[in-house]
Structures are given as C-alpha cells and as structure tokens.
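Following: one structure in structure tokens, then a few remarks.
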Amino acid sequence: DVAVEVRGVCKMYNDVEALRSIDLDFPVGKLTTLLGPSGCGKTTLLKIIAGLIPATSGEIRVNGKVVTGPGPERAFVFQDFALMPWATVMRNVAFGLELKGMGKDERQSIARKYIAEVGLTGFENKYPHELSGGMRQRVGLARAFAVNADVLLLDEPFSAVDEQNRRKFQEDLLRLVELEKKTFIFVTHSIEEAVYCSDRIVILSRRPGRIAQVIEPDIDHNES
Ligand code: ADP
Ligand code: ADP
C-alpha cells in the first residue's frame, strides 16, 4: 500500500530549478528519509508533499487522492512553522485537536500522552521560550503525533538537539513509529541519522534536485 505518491514533480523558484521530475512512492507504515546535501531540494519536496507550497508541475496523491494544499491526513514539523510562543506546551500540543473541535478534557488527555512519549512530563505549563531548542523540537513532534494524521512529515527533527541527547531523541521517535504504524517522511543531511532511523533512504542529488538512488537497509524478504 502506498500512502503518498509523487508524480513528475518539478519546482522552479523564479529561474532556480529546485526539483526536476521527481517520481516517488512512500509505502504505508514505513519511515523514509530524504537524504542529500544542503540545497538539493529536500525541504522543498517535503513542503510540496505537505501542501504548503505548490509544485510548478506534477502532482501529489495522498491515500490515492490528488491534494493541492494541506490536509488533516498529513501532519508536519518544519522549523519555520514553529510553536505558538504565547501558548503553553499543553496548548501547543493540543492545538490541532482544538481546531478539530475536540473537548478540553479529551484533547488534554491525548496531549498529555504524547508529551509523556517525548519525555516532557512536568513541562505542560511552560512556554516555548522557557525550553531548550531540543525540547521545543520534542513539543513539535508531540503536536504532530497528537493530531493522529496518517502521514508525518518532519524536517531535520533532531537539528536542535545536542549530540548527547540525539540518540535518545531518535530512540523516542523510533518507539513512537513502532507504536503508531504511521507513514513517516523525514529530511536529514546526516547519513548516520538516515541509516540509523529509516526503512528506506531516498538520496537526492544536487542541482537540480533529482533522485540519485533509493536504498532499503533492511529489506524483509518474507514480504511479498
Ligand atoms: P535542502 O532542503 O535540500 O537544503 P531546499 O529545498 O531548501 O534544499 O532548496 C533547494 C534549492 O531551492 C536551493 O538552491 C535553494 O537556494 C532554493 N530555494 C529554496 N527555497 C527558496 C525560495 N523560497 N526562493 C528561492 N529559492 C529557494
Ligand atoms: P538543546 O540541544 O537545545 O540544548 P536538548 O534536548 O539537548 O536541547 O536539552 C538541553 C538541556 O535540556 C539538557 O541539559 C537536557 O538535560 C535538558 N533537558 C532536555 N529534556 C529534558 C527533560 N525532559 N527534562 C529535564 N531536562 C531536560
């Protein structure tokens, strides 16, 4: 089963060609990383899949349907779509559920569960500026999980986490991936991170962004 299909996607920023004719399938329940050097178009591709920017040509299908903007079946964490600074950790994590019209008790109980999963129990009433960069990334991750989307899109989710906490954060994420059986697409420029975390690695090459290779580190030969 395929969660996200990318078909013939090209992206021009004025005269900069960021992506050239990308075709990719993202299987349901797999964690795929987009790996490549800075400027190869990883964030652009992720934002097009999220529906935050339009492709110049080509299309994106999610669960078989063409999408042209954001939708509830996709949740994302991007550095430039950060937390609401005026809201507590609890409010930030529960916000997507609030938008869906879920009652306060129910959404807070769901939010509390994911705040615990990312190791931030006790920080529910803090504001983003009271947290470290790595902790804010964890809040973003909890918020993405809380809305219960089928597809999670994460842009450099470990970038603000210092070296000694990174492996722990990665293990928290992998535990959530195992638990939730969702489709993950995350962007990194770290080979180490890609190999450690993913079922599939898509390598993009630079100028213009094209797919150089798709690698599946642990292919299960019992799967047909
Ligand atoms: P990556 O995430 O792999 O570092 P990006 O998707 O951010 O790559 O960028 C791909 C290319 O598109 C780069 O050449 C970058 O300079 C260019 N680019 C990205 N965003 C914009 C923008 N908003 N306007 C113009 N050029 C952009
Ligand atoms: P950064 O890389 O931005 O500093 P980290 O996530 O690595 O962010 O955390 C930075 C500091 O915050 C570290 O000293 C770490 O021990 C502390 N910290 C991180 N998460 C927690 C937590 N759940 N409870 C208490 N302290 C934490």
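Just so you know, ligand 1 is whichever comes first in the structure, and atom 1 is the first atom listed for that ligand. For this chain, numbers begin at 1 and follow the sequence in order.
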When you look at R167 and E192, which way does the salt bridge (charged side-chain N to carboxylate O under 4.0 Å, His left out) test go after all the steps?
CA-CA 11 Å; R167 187 44 55 86; E192 201 270 344; 2.5 Å; yes
Any non-hydrogen atom of P37 lying under 4.0 Å from ligand 1?
yes
Would you check whether G36 reaches within less than 4.0 Å of ligand 1, judged by its heavy atoms?
no
Looking at F145 versus F184, is the centre-to-centre ring distance below 6.0 Å?
yes
With heavy atoms of [X] as the reference, note each atom of ligand 1 found under 4.0 Å away.
{"X": "A18", "result": "11 (C), 12 (O)"}
{"X": "K42", "result": "1 (P), 2 (O), 3 (O), 4 (O), 6 (O), 8 (O)"}
{"X": "T44", "result": "5 (P), 6 (O), 9 (O)"}

Among protein heavy atoms, which lies nearest [atom], and at what distance?
{"atom": "atom 27 (C) of ligand 1", "answer": "Y13 CD1, 3.3 Å"}
{"atom": "atom 10 (C) of ligand 1", "answer": "G39 O, 3.4 Å"}
{"atom": "atom 8 (O) of ligand 1", "answer": "G41 N, 3.1 Å"}
{"atom": "atom 7 (O) of ligand 1", "answer": "T43 CB, 3.9 Å"}

NZ or CZ of K11 within 45° of Y13 ring axis and under 6.0 Å:
yes
Does the ring of F95 carry R143 above it, NZ/CZ under 6.0 angstrom from centre and within 45° of its axis?
no
Picking from K42, R210, Q213, what satisfies side-chain contact (heavy atoms from CB on, under 4.5 Å) with L204?
K42
Straight-line distance of L153 CG to F186 CZ, nearest 0.5 Å
12.5 Å
Using distance alone, determine whether V16 and ligand 1 share an N or O pair under 3.5 Å.
no
Please determine whether side-chain hydrogen bond (donor to acceptor under 3.5 Å, both in side chains) holds for the pair S159 and Q137, giving the CA-CA distance in whole Å, both sets of side-chain angles, and the decisive distance to 0.1 Å.
CA-CA 8 Å; S159 60; Q137 283 188 316; 3.0 Å; yes
Does the protein come close to atom 15 (C) of ligand 1 - that is, does one of its heavy atoms sit below 4.0 Å from that atom?
no
Is there any salt bridge (charged side-chain N to carboxylate O under 4.0 Å, His left out) pair reaching into residues 112-127, and which pairs are they, with sequence neighbours excluded?
E117-R175
